[in-house]
Amino acid sequence: MRIAAVSAALPSRRVTNDDILDLVREHSAGVFEGDIDEALRKISFWLAYSGSDSRLWAGEGERPIDLLVRAAEEAIDEAGVTRESIDVVIYTGIGRGFLEPGGSYHAAAALGIKRAQCFDVLDACMSWTRALQIAEGLLASGACRTAMLVNAEFNMRPTGPVYPGVFALPSVDAVDWSFPAYTLGEAASATILTADGAEPWSFEFSSRADLADLCNIPLDGYADFSRPSEKIAKNGVHRFTSFGFELHETARVEAVEVFKRLDAPKEETAAVFTHASAKRFWQEMADGVGLGDKIFHVFQNTGNIVSASVPTAIATAVGEGRLKRGDRALGWVGSAGMSFSAFSFVY
């Protein structure tokens, strides 16, 4: 499998850490019990500690589908493929406008792709990586020759699962299960994969389903579909609840373990692309495995862009000349679920 092209389309509204603090203060007014300044100091500290500077949100008139189409058209042009030659369209990630049918069908329709097989892969921030492995199997088996992965991680729209609901803090304690919301950004990406001859990809995955209650966006009736847990729906149904500190502490062990299982050729590695959940966290882990100088961060500019993190980082690195054809690169992702992955490929 070969990455024929990868493109990212980022929205225009830049939101700084100070903007986040102002929004939390605004939306918490009237519901917060206690010292709101204490909560804001806590949020400010953790934003700075994580390496957050700004994130990008959709501006007025910017629609997720338009940015998805822009990313996909750029990738199609770069790859030199036709719409008719795309056999499979896979929509990945959390940001979506439909439960039925999959977002892949609407993406294909918007792009004028009429006959490709379409389906979605939903696995939180791991979604793009899971879709990548599925696509590799389809390409290797001969079931298809060209696949396109797309996503539109736009989760900050009003009435969505994050903003403004999770910005209305009821107490200082609520920061513990709400903080990741304040790091989120938005992005769309498109990846074209072909069955051209290339060095095989290597993947390693692991899961910790016992930690499924640490990060959720629950739907109506969720309690009938899960074991009892006081952590689920702390911010309410249809709202994002994430115990980010616990997530990252668990990942320090699990992500390193899955990386070691990959047994990647470090000396050949040109770049490491990670889930953009916190710059400091991934930098520390990369330092620990001897690849700290190879990691390519986008978090400080884009925020946590969920399943668009790795493809956006790859596209950015290619654009800046940090990744060239023939270079070996590594992907490294941790996700709600919890799940962890490390993979190696030649670009």
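Worth saying up front: this structure is predicted, and the values here are computed from it rather than measured.
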With [X] via side chain to side chain donor-acceptor pair (under 3.5 Å) - residues at least two apart:
{"X": "D287", "value": "Q283"}
{"X": "Y105", "value": "none"}
{"X": "D66", "value": "R63"}
{"X": "D196", "value": "T194"}

Report the residues that fulfil ring pair (Phe, Tyr, Trp, His ring centres under 6.0 Å) with H248, sequence neighbours left out, ordered by chain and then residue number. F281
The complete set of ring-ring contact (aromatic ring centres under 6.0 Å, His included) pairs with one or both residues in residues 108-154, sequence neighbours excluded, reads none
Please, which pairs that meet ring-ring contact (aromatic ring centres under 6.0 Å, His included) have at least one residue in residues 7-44, sequence neighbours excluded? H27-Y163
Residues 85-93, side-chain donor-acceptor partners within the protein, below 3.5 Å, at least two apart:
unit_1, atom_1, unit_2, atom_2, d
S85, OG, T82, N, 3.3
S85, OG, T82, O, 2.7
S85, OG, T82, OG1, 3.4
D87, OD2, R145, N, 2.7
D87, OD2, T146, N, 2.9
Y91, OH, G95, O, 2.6
T92, OG1, N151, ND2, 3.3

Apart from L219 itself, residues in the same hydrophobic cluster as defined by side-chain heavy atoms under 4.5 Å: none
Which pairs, with at least one residue in residues 106-134 and sequence neighbours excluded, count as a salt bridge (Lys or Arg N to Asp or Glu O under 4.0 Å)? R96-D120, D123-R130
Output every pair passing salt bridge (Lys or Arg N to Asp or Glu O under 4.0 Å) with a member in residues 214-235, not counting sequence neighbours, ordered by first then second residue. K231-E246
Let me have the donor-acceptor pairs involving side chains of residues 336-347, under 3.5 Å, with sequence neighbours excluded, atom names and distances please.
unit_1, atom_1, unit_2, atom_2, d
S341, OG, E204, O, 3.1
S344, OG, R328, NH1, 2.6

